[in-house]
Amino acid sequence: MDSILVVEDEQDIADLIRLNLEEIGLKVEHRITGEDALELALANQYDLILLDVMLPGMSGLDVCRQVREKKPEQAILMLTSRDSEIDRVLGLELGADDYMTKPFSVRELQARVRSLLRRAHLLSNLQKSPEPEQCLTVGELQIDHLSHRTILAGKELDLTSTEYDLLLYLASHPEQVFSRSQLLSSVWGYHHSGYEHTVNSHINRLRNKVEKDATNPEIVQTVWGVGYKFCKQGVSV
Ligand code: CA
């Protein structure tokens, strides 16, 4: 049974989330404060952490940052109440995998949680798989599913699981252009619109890690009016 840690100080919302996540077969633990949540998140393994930004005391942003420092691969879905929080939540510093803005529908909550869990499992299955061909090499870029390591020009990159998935997807289809909604559906597993901003933010984060100059990207290129593509030449030896 998948387990999920829900961190939310508003009891009504927490009850609603618990009810709807238990309905889809998840084991739910709930904490009200960031301090309690952090302690639990570091001591236990959760398949997903659902984290409200606005909490009394330690904020969800601080919890996210500290969990990420210790467990870079932990899947984290943030709940925000203000649009102004979205950039910070998805930004390079925090790197949440995704966000939902309040108010949200319970069906959307279930769909989001399901797809994040699916991706987390896909990733851990790939890591466990003994297939020797589970290594993708394009020019100077090497992505190793077994060890979950990404090496660019001899240097190991420190990617979150979403950045890893995104890079793997793009690098597996070099020179192919993908729209934001195609990436949302293939990498995030979403089939509804409105969250294209998630894609932009993750592309920016990825560029900060892979490009020599993120303002002038050579590897993950923008195709104006269409989307993004992985450019082989950017990683050529
Ligand atoms: Ca709150």
Side-chain angles (χ1 to χ4, degrees), residues 1-120 160-162 184 188-190 192-202 204-205:
M1 189 188 271
D2 284 325
S3 63
I4 178 161
L5 174 61
V6 175
V7 192
E8 168 64 78
D9 57 313
E10 288 161 78
Q11 194 62 49
D12 293 356
I13 299 179
D15 289 345
L16 186 78
I17 290 173
R18 176 192 284 276
L19 194 73
N20 284 281
L21 293 184
E22 285 177 350
E23 195 184 286
I24 56 170
L26 300 176
K27 182 169 173 280
V28 179
E29 287 231 46
H30 170 231
R31 287 296 180 277
I32 290 169
T33 67
E35 287 83 354
D36 283 354
L38 181 62
E39 201 186 317
L40 219 58
L42 295 181
N44 301 293
Q45 288 293 336
Y46 292 99
D47 297 287
L48 179 67
I49 300 178
L50 184 64
L51 188 55
D52 189 30
V53 171
M54 298 282 280
L55 297 167
M58 181 187 247
S59 80
L61 301 176
D62 290 330
V63 177
C64 181
R65 187 181 300 114
Q66 294 197 36
V67 170
R68 272 276 191 259
E69 267 172 27
K70 302 268 166 47
K71 296 182 165 183
E73 284 170 35
Q74 173 68 59
I76 300 176
L77 172 62
M78 303 283 295
L79 295 178
T80 67
S81 344
R82 287 191 301 238
D83 284 350
S84 58
E85 289 167 346
I86 296 170
D87 286 326
R88 283 197 68 196
V89 162
L90 292 175
L92 194 62
E93 186 197 359
L94 286 178
D97 295 287
D98 202 4
Y99 71 97
M100 283 204 310
T101 41
K102 291 176 175 176
F104 50 82
S105 76
V106 293
R107 292 192 59 185
E108 186 185 358
L109 171 75
Q110 291 177 333
R112 290 304 192 88
V113 166
R114 274 204 184 105
S115 80
L116 279 169
L117 289 172
R118 208 161 38 230
R119 287 180 40 224
T160 66
S161 57
T162 303
L184 257 186
W188 278 258
Y190 296 166
H192 49 260
S193 58
Y195 282 90
E196 282 77 6
H197 191 68
T198 300
V199 178
N200 299 13
S201 297
H202 279 86
N204 289 339
R205 264 160 51 180

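Count residues from 1 along the sequence. Order of appearance sets the numbers: ligands from 1, and atoms from 1 within every ligand.
Side-chain atoms of Arg119 and Thr162 form a donor-acceptor pair, as typed in the model, at a separation below 3.5 Å.
Considering only residues two or more places apart in sequence or on other chains, Asp9 meets the salt bridge (Lys or Arg N to Asp or Glu O under 4.0 Å) condition with none of them. The salt bridge (Lys or Arg N to Asp or Glu O under 4.0 Å) search around Arg114 returns none, not counting sequence neighbours. Shown here are the salt bridge (Lys or Arg N to Asp or Glu O under 4.0 Å) partners of Glu29, two or more places apart in sequence or in another chain: Arg31.
Arg68 places a side-chain N or O within 3.5 Å of a backbone atom of Gln74 that can act as its donor or acceptor partner.
Listing protein N, O or S atoms at distances below 3.0 Å from the Ca ion (ligand 1), with waters left out, gives Asp9 OD1, Asp52 OD2, Met54 O.
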> Glu69 and Arg65: salt bridge (charged side-chain N to carboxylate O under 4.0 Å, His left out), yes or no, with the steps?
Replying inline: CA-CA 6 Å; Glu69 267 172 27; Arg65 187 181 300 114; 5.9 Å; no

